[in-house]
Structures are given as structure tokens and as C-alpha cells.
Amino acid sequence: MTDTKRFFTDCLMTWNRFQNTRTMPWKGEKNPYRIWLSEIILQQTRVEQGWPYYERFISAYPTVEKLAAAPDEEVFRLWQGLGYYARCKNMLAAARTIAGAYKGQFPQTYEGITKLKGVGAYTAAAIASFAFSLPHAVLDGNVYRVLARYFGIDTPTDTTPGKKLFTQLAGEVLHREQPGEYNQAIMDFGAVVCKPQQPACKSCPLAARCEAFQKGLTDLVPVKSKKLVIKKRYFHYLLLHQKDRFFIRKRTGKDIWENLHEFVLIETSAPAADETVLESADFRRLIGKYPYKITAPAVEIKQQLTHQTIHARFLQLAVPAAFKTPEGYLQVSEDQLKNYAFPKIIVDYLQR
DNA sequence: AAGACGGGGCA
DNA sequence: TGCCCAGTCTT
């Protein structure tokens with residue numbers, strides 16, 4: 001361990017003990033179930049955003065057995081609005097593995113933990129260190145940033161060589177005797193002091209030996225190589241209904257919002273008029289010979305996602321009583337809609 | 001190795 | 001807008 005590295009570790013531990021005022025409901029938690037739950041919720045999610053979800057999940061499911069026994073739809077409904085819905089699916093699978101095959105016993109080794117669905121290197125290290133004091137270093141967005149700046153590393157973090165380099169370095173500066181405290185320290189430090197924008201270098205205890213600060217490069221590291229490509233998509237949601245009963249279905253396949261519900265969807269590659277949509281082959285096939293009547297003015301809502309811009313247009317259509325529920329759909333009354341999980345864009349529409 | 005996957009806060 | 005957030009999984 002070089003002097004520069006030792007200073008780094010000691011400094012973070014001291015900062016954590018005397019200056020870290022960040023509080024969170026799962027901090028200091030030793031129950032692996034609660035730690036795991038918090039980490040799944042926090043993947044790619046800001047603490048402030050995940051916090052209320054954590055409280056609601058712990059309240060609804062105080063034990064892994066309770067979560068494992070819950071109906072899928074109820075859990076997805078609780079997850080609604082948090083995004084990255086595969087996390088919810090994987091979380092349920094992991095809970096059922098623990099409650100079933102593992103007889104309620106949470107795995108207690110890094111290798112065992114990482115076998116759980118939805119648990120990768122970061123989450124396994126977090127659980128292993130927080131719950132079991134095992135010497136595994138976490139590597140998340142905060143850690144990449146703090147390491148890249150302090151050690152002045154401009155290797156892109158989103159490449160194989162970058163990941164290898166940062167993984168190695170993170171392990172070297174880990175406090176072996178207090179891995180949990182250290183992991184908590186470096187993440188809190190990254191969130192509170194070594195922030196992405198406008199880091200608090202003036203009050204930073206590492207500044208004197210921080211490579212990026214000394215060279216005025218804090219805005220240039222860490223480096224990411226990939227640039228985002230944003231696609232535009234045009235969704236036409238047709239709210240087919242008989243009286244107050246709507247036809248909805250669960251989204252499947254490899255696309256956004258898998259496992260969430262939605263109304264009849266016609267997607268076009270460019271903006272399209274309602275008439276065009278209603279004459280489309282997809283809608284013709286669905287509606288068949290039945291007549292329909294527009295029962296509400298069309299509403300347009302735009303939603304910006306990380307990788308795509310969704311332009312949605314909602315149109316309500318009354319269909320006759322003879323119209324049969326199409327394959328894959330279910331019919332639910334308006335007040336039953338609250339029992340199903342929907343994408344935010346649909347929740348927004350329904351709230352109007 | 002590269003893509004895909006949500007939603008929200010902030011400058 | 002663009003960037004980032006206690007990342008993981010699939011192709």
C-alpha cells in the first residue's frame with residue numbers, strides 16, 4: 001500500500017466518522033434482507049427517489065417470506081414509477097429462491113450472494129460488507145468518480161480495461177478490517193463532497209493530494225466513452241371500453257415496461273393521424289367487423305426516457321357489447337385499474 | 001463488447 | 001438538453 005493510497009483510505013474513514021452527516025433508513029442495517037432490498041431499489045436510482053419505495057416495501061413485506069409469498073401484480077404495483085422493472089421481476093425471483101430453496105436463510109458468502117437474480121458485483125459487495133463484514137469493495141458511480149479524480153485516471157469507466165483497472169484499485173484501497181464502514185464512507189463521500197457537478201473541493205479533505213483538483217481536471221474525470229443515442233417512438237393508445245370496462249394487457253417481450261400493463265397499443269414509426277391508426281392492419285385485425293365510437297378528445301403526452309422519447313396519443317373508443325375480449329387481453333372496470341401496474345405515461349393520462 | 005432498460009433532479 | 005444516479009442482464 002503506497003502512502004497516497006493509505007492517505008486516501010484513512011482520510012475517508014475519518015471523514016465518515018466525524019463529518020459524514022448523511023442519514024438513510026437502511027444505514028447501519030445488519031439484516032441482509034433489508035440491505036438487499038435497499039440495494040436493489042437503489043440500483044441506478046437516486047437515494048431520495050428510492051427512499052419512500054424502501055419504506056413502503058419494508059412496511060408491506062417485513063420479511064423475505066412475506067415478499068416471496070406476495071402476488072406478482074401486487075409487488076409490481078408497489079414498484080410502479082420506480083423504473084427498470086426487470087429489477088422487480090428479479091427481486092421476486094431471488095426472494096422466492098431464498099424463502100424456498102434456501103429455507104429463508106440469506107446466503108452468507110460473496111459467491112452465494114452473487115448467484116441471486118438481479119445481484120451483480122456491486123450489490124453482492126455491498127451486502128457482503130454491510131451484513132457480514134466481508135472484505136469486498138463496492139464499485140458504483142460514486143466510487144468510479146472519487147477514484148478517477150483522486151488518482152487522476154482518465155481511462156473510460158465504461159470499457160473492459162476501465163472496469164478492470166477500477167476494480168483492482170477499489171480493492172487495494174478498501175479498509176480490510178472495516179469494509180462496511182469504508183464502503184459506506186466512499187459512497188457517501190462521492191454523493192456529498194465529490195459530487196458529479198460542482199464538487200465541494202474547497203472543503204474536501206482529499207484535495208491536497210487529489211490529482212484532478214491539483215490539475216484543475218475535476219470536470220473532465222471520470223471519462224465515459226459511449227454517447228447516448230435517443231430514439232423517437234410514437235405510441236397510439238386506444239382505450240377500448242364497454243361502458244366503464246377497459247381492455248388492458250400485460251406487456252411482454254424485450255422492450256421497455258415489460259410486465260407492466262397497458263391499453264391497446266398501435267406504434268407507428270412517425271407521427272400519425274388518428275384515422276391512419278384506426279385504419280391500420282393491426283387495429284383492423286383487433287376490432288374486426290365491430291363499429292366503435294370516439295368517446296373522449298385525444299390527449300397527447302410526451303415522456304423522455306434515458307434511451308428514447310415517447311410521444312403518446314390517447315384515444316378513447318367505445319365498442320359494442322358483442323365485441324369479445326381479444327386474445328391476451330383482460331377486461332377491467334375503471335376502479336379496478338388501481339390493482340395493476342402501468343407505465344408512468346399511462347398513470348399520468350389516467351390522472352387527468 | 002455493446003445495447004437495453006425508467007424516471008427524476010439539476011444546471 | 002445533457003448528464004447522472006448505491007447496476008444488471010442479454011445479445
Side-chain angles (χ1 to χ4, degrees), chain A residues 22 24-27 29 35-54 76 79-91 93-94 113-130 136-146 148 156-164 166-167 170 180 183-192 194-199 219-220 222-231 233 251 253-260 302-310 341-348:
Chain A
R22 201 183 195 203
M24 294 169 290
W26 49 83
K27 205 159 164 178
E29 182 62 65
I35 295 170
W36 163 73
L37 183 59
S38 72
E39 295 301 342
I40 300 300
I41 287 174
L42 292 170
Q43 285 168 4
Q44 286 292 283
T45 303
R46 288 169 305 102
V47 164
E48 296 71 28
Q49 189 185 0
W51 189 319
Y53 283 85
Y54 173 80
F76 272 95
W79 194 277
Q80 177 177 285
L82 194 53
Y84 282 163
Y85 298 92
R87 289 184 292 168
C88 185
K89 179 186 173 186
N90 291 331
M91 175 184 73
I113 296 167
T114 200
K115 281 193 173 68
L116 295 170
K117 283 271 195 298
V119 174
Y122 162 77
T123 305
I127 298 171
S129 64
F130 294 150
H136 293 271
V138 293
L139 186 52
D140 73 337
N142 291 305
V143 179
Y144 275 119
R145 188 170 54 254
V146 175
T157 57
D158 57 349
T159 60
T160 301
K163 282 174 188 149
K164 194 175 171 187
F166 281 97
T167 300
N183 279 336
Q184 189 64 61
I186 191 169
M187 288 194 286
D188 283 346
F189 187 82
V192 174
C194 198
K195 300 174 289 184
Q197 280 98 27
Q198 301 173 23
D219 289 343
L220 300 180
V223 174
K224 282 192 180 178
S225 63
K226 301 183 184 73
K227 50 176 176 281
L228 211 53
V229 180
I230 300 178
K231 283 184 277 187
R233 299 177 73 175
R251 282 179 67 87
K254 305 169 188 57
D255 198 356
I256 55 171
W257 305 330
E258 187 180 357
N259 289 304
L260 300 197
K302 186 178 90 164
Q303 187 184 15
Q304 187 61 53
L305 304 181
T306 301
H307 295 278
Q308 41 192 289
T309 306
I310 309 288
F342 293 93
K344 173 182 160 47
I345 200 165
I346 291 180
V347 173
D348 285 354

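Chain letters run A, B, ... following the sequence lines, proteins first, then strands; residues in each count from 1. Excluded from the calculations below are hydrogen atoms, water molecules and symmetry mates; all remaining heavy atoms, backbone and side chain alike, are included.
- Rounded to whole Å, the distance from CG on A:Asp348 to C1' on B:dG6 is 13 Å.
- At a threshold of 4.0 angstrom between heavy atoms, the contacts of A:Arg145 are confined to the sugar-phosphate backbone, with no base atom among them.
- Applying the side-chain contact (heavy atoms from CB on, under 4.5 Å) test to A:Asp219 and every residue at least two apart in sequence or in another chain returns nothing.
- The ring pair (Phe, Tyr, Trp, His ring centres under 6.0 Å) test applied to A:Tyr122 returns no partner, not counting sequence neighbours.
- Looking at heavy-atom distances under 4.0 Å, A:Leu82 makes contact with a base.
- Atoms CG (A:Leu228) and C1' (B:dA4) sit 11 Å apart, rounded to a whole Å.
- Annotation: side-chain contact (heavy atoms from CB on, under 4.5 Å) contacts of A:Tyr84 (sequence neighbours excluded): A:Gln44, A:Arg87.
- In terms of phosphate contacts, A:Trp257 brings a side-chain nitrogen or oxygen within less than 4.0 Å of OP1 or OP2 of B:dG7.
- For the pair A:Ile310 CD1 and B:dG6 P, the computed distance is 10 Å after rounding to whole Å.
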Anything under 3.5 Å between a protein N or O and an N or O of nucleotides 8-11 of chain B, put it in a table, one pair a line.
from  : atom 1 : to      : atom 2 : distance (Å)
B:dG8 : O3'    : A:Arg46 : NH2    : 3.3

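- Heavy-atom distances under 4.0 Å link DNA chain C to A:Gln184, A:Met187, A:Asp188 of residues 183-192 of chain A, given in residue order.
- Across all strands shown, A:Ser38 has no heavy atoms under 4.0 Å from either base or sugar-phosphate atoms.
- In this structure, A:Trp26 and A:Ile41 have side chains that are not in contact, with every pair of non-hydrogen atoms separated by 4.5 Å or more.
- Of the two residues contacting DNA chain B, namely A:Ala86 and A:Pro161, the nearest-nucleotide position lying further toward the 5' end is that of A:Pro161.
- When side chains are defined from C-beta on, A:Ile40 counts as touching A:Val119, because their heavy atoms get closer than 4.5 Å.
- Using a 4.0 Å cutoff to heavy atoms of chain A, the contacted part of DNA chain C runs 5' to 3' from C:dC4 to C:dT11.
- Sequence order on DNA chain C of the closest nucleotides to A:Lys117 and A:Glu48 puts A:Glu48 first from the 5' end.
- A:Lys195 comes within 4.0 angstrom of nothing in the nucleic acid, heavy atoms only.
- The NZ-C1' distance, from A:Lys226 to B:dA2, rounds to 6 Å in whole Å.
- Per the geometry, CD belonging to A:Gln44 stands 16 Å off P belonging to B:dA4, to the nearest Å.
- Among the protein residues, A:Val119 comes within range of the sugar-phosphate backbone only, with heavy atoms under 4.0 Å from sugar or phosphate atoms but none that close to a base.
- Protein atom NZ of A:Lys89 is 14 Å distant from nucleotide atom C1' of B:dA4, rounded to whole Å.
- With rounding to whole Å, A:His307 atom NE2 is found 9 Å from B:dG6 atom P.
- When the C1' atom is used for both B:dG3 and C:dA6, the distance is 22 Å, rounded to whole Å.
- For the atom pair CD (A:Gln80) and SG (A:Cys88), the distance works out to 11.0 Å, reported to the nearest 0.5 Å.
- Ranked by how close their nearest DNA chain B nucleotide is to the 5' end, A:Leu260 and A:Lys231 are led by A:Lys231.
- B:dG6 and C:dT11 have their P atoms separated by 15 Å, given to the nearest Å.
- In this structure a side-chain-to-backbone donor-acceptor pair under 3.5 Å is present from A:Asp158 to A:Lys226.
- Looking at heavy-atom distances under 4.0 Å, A:Met91 makes no contact with the nucleic acid at all.
- At whole-Å resolution of the value, CD1 in A:Ile256 and P in B:dC5 are 7 Å apart.
- As judged by a 4.0 angstrom heavy-atom cut-off over every strand, A:Trp26 is placed among the base-contacting residues.
- Atom CD of residue A:Glu39 and atom OG1 of residue A:Thr45 lie 11.0 Å apart, to the nearest 0.5 angstrom.
- Inter-residue side-chain proximity for A:Trp51 and A:Met24 is flagged as met; some heavy-atom pair is nearer than 4.5 Å.
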